[in-house]
Number of protein chains: 2
Amino acid sequence: MARPPARPAGEKSTREQILDVALELFTANGYEKTSLREIAERMNFSKAALYYHFASKDDILLALHLRLHEIGQAGLERIEMDRVRPADWVRMIDEFVDLLLENRQLFMFHLRNHAALENLQNHEHDGANQDIEERARRLLSDPGIPQARRLRLSFALGAVMIGLVMSGDLFASTPTEELRVELRSVVRDILEPGGVSPDADRESSQLLPR
Amino acid sequence: MARPPARPAGEKSTREQILDVALELFTANGYEKTSLREIAERMNFSKAALYYHFASKDDILLALHLRLHEIGQAGLERIEMDRVRPADWVRMIDEFVDLLLENRQLFMFHLRNHAALENLQNHEHDGANQDIEERARRLLSDPGIPQARRLRLSFALGAVMIGLVMSGDLFASTPTEELRVELRSVVRDILEPGGVSPDADRESSQLLPR
DNA sequence: GTCTATATTTCGATAGAC
DNA sequence: GTCTATCGAAATATAGAC
């Protein structure tokens with residue numbers, strides 16, 4: 001076992017601190033608009049010092065991609081996306097909502113820098129079907145599922161994603177739990193309009209005040 | 001009246017052609033990653049020539065912003081957002097869906113380059129409440145409306161936007177009309193779950209195949 | 001309106017001292 | 001691990017001829 005460096009508990013390595021700063025700046029201003037000088041200034045050391053910890057700017061982006069990838073993999077297990085059948089879609093997106101709410105910043109980083117992340121070389125596009133994003137793409141492209149249902153599934157995902165973005169902006173003061181409840185409720189209304197599964201646990205609180 | 005330059009009908013000015021190219025490249029690759037050299041190459045003339053038509057790169061971005069702004073203004077009139085009451089929300093978003101479907105590329109350009117557009121100086125932020133985006137923001141922040149309803153409104157907007165993005169990607173082969181019908185249907189399911197207004201013209205075609 | 005040539009700036013990256 | 005100094009590339013922008 002390689003021994004992790006001795007460091008006071010609760011204190012992050014310089015490398016992790018750099019990643020935290022980069023995550024913040026990339027999310028706020030975008031990968032292209034964020035310069036290494038900017039990151040270095042926030043770290044209170046010179047630009048060249050960054051190159052001791054990372055081989056290149058792309059390497060920083062890659063490390064952040066890996067952070068997200070690991071979370072995505074863990075999410076895949078939780079969601080058990082392999083064996084997901086149409087009847088499980090609501091549960092699947094519920095898990096997805098939880099995953100997003102637990103990792104808001106990383107997710108918003110991914111939304112904002114989607115293009116830059118795609119341009120990373122490393123990507124083993126051996127059709128691995130390993131990535132959570134690729135898995136979703138397959139599901140939404142599956143010709144064995146009626147088009148209307150796939151469209152609705154994508155709309156549900158869209159509502160969830162935008163809901164998350166808004167939560168960090170317009171609804172910053174809204175408690176996470178209220179967001180979660182309302183998001184789950186909306187997912188049901190999209191995927192099971194009219195309450196197809198009346199036995200399902202509909203968590204929605206306050207609906208429309210007629 | 002300043003007379004527009006004499007030009008064969010149906011032929012665009014060089015300036016407009018530049019804007020078309022820029023719109024395409026900014027949408028595909030982003031504002032920061034698109035260089036003036038790239039635009040000039042596509043126009044088959046030199047980079048310097050661009051500066052005859054535009055004072056700066058930002059000036060090109062500004063011109064595209066104005067294109068979008070005009071459409072937004074026209075949309076505001078169509079939607080009559082001033083006098084919109086909660087009961088009109090579904091109709092309002094229906095109009096919004098139409099507006100988006102008619103201006104997909106400009107809208108996707110705006111989504112992708114939202115940050116760059118915000119950084120444009122010009123923005124008269126005199127709280128003008130003139131922009132369609134600002135108007136929506138106010139609506140979603142109005143404390144006079146129950147939080148749950150505002151959340152649902154934002155989710156509906158999110159579903160519509162993502163639906164549009166997907167339409168250019170995963171659902172590129174889906175006819176516009178099918179998209180429009182399904183989008184409208186979903187908006188109703190989000191804003192009026194359970195069919196609050198049974199007399200409303202629900203256009204949804206094929207719902208869930210139980 | 002478009003060209004060539006060049007100024008100016010910024011950025012990612014490297015070399016080598018400490 | 002961090003520094004100073006600098007390189008080379010690419011970008012925006014300008015000057016001035018045609």
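Not measured: the values here are computed from a predicted model. Sequence lines set the chain letters: A, B, ... in the order given, protein chains first and strands last, and positions in each chain run from 1.
Every residue two or more places apart in sequence or in another chain that forms a ring-ring contact (aromatic ring centres under 6.0 Å, His included) with A:His110 is listed here: A:His114.
The CD-P distance, from A:Glu41 to C:dT10, rounds to 12 Å in whole Å. If you measure from atom CD1 of B:Ile39 to atom C1' of D:dA13, you get 14 Å, rounded to the nearest angstrom. Atom pair B:Asn44:CG and C:dC3:C1' shows a separation of 14 Å (rounding to whole Å applied). The CE-P distance, from B:Met43 to C:dC3, rounds to 10 Å in whole Å.
With respect to B:Arg149 and B:Asp142, no salt bridge is recorded, no charged nitrogen being found less than 4.0 Å from a carboxylate O. Look at B:Arg78 and B:Glu102 and you find a salt bridge, because one of the NZ, NE, NH1 or NH2 atoms lies within 4.0 Å of a carboxylate O, short of that distance. One finds no salt bridge joining A:Asp131 and A:Arg138 here, because no Lys/Arg side-chain nitrogen approaches an Asp/Glu carboxylate oxygen to under 4.0 Å. Between A:Arg42 and A:Glu38, none of the side-chain N atoms (NZ, or NE/NH1/NH2) sits under 4.0 Å from a carboxylate O, so this pair counts as no salt bridge. A salt bridge is absent between A:Glu182 and B:Arg150; no separation between the charged side-chain nitrogens and carboxylate oxygens falls under 4.0 Å. A salt bridge links B:Asp169 with A:Arg137: the distance from a Lys NZ or Arg NE/NH1/NH2 to an Asp or Glu carboxylate oxygen falls below 4.0 Å.
Sorted by residue number, the members of residues 23-37 of chain A with any non-hydrogen atom under 4.0 Å from DNA chain C read A:Thr34, A:Ser35, A:Leu36, A:Arg37. Against DNA chain C, the stretch residues 46-65 of chain B makes heavy-atom approaches under 4.0 Å through B:Ser46, B:Ala48, B:Ala49, B:Tyr52, B:His53.
Between the side chain of B:Asp88 and the backbone N or O of B:Val84, no donor-acceptor pair lies under 3.5 Å.
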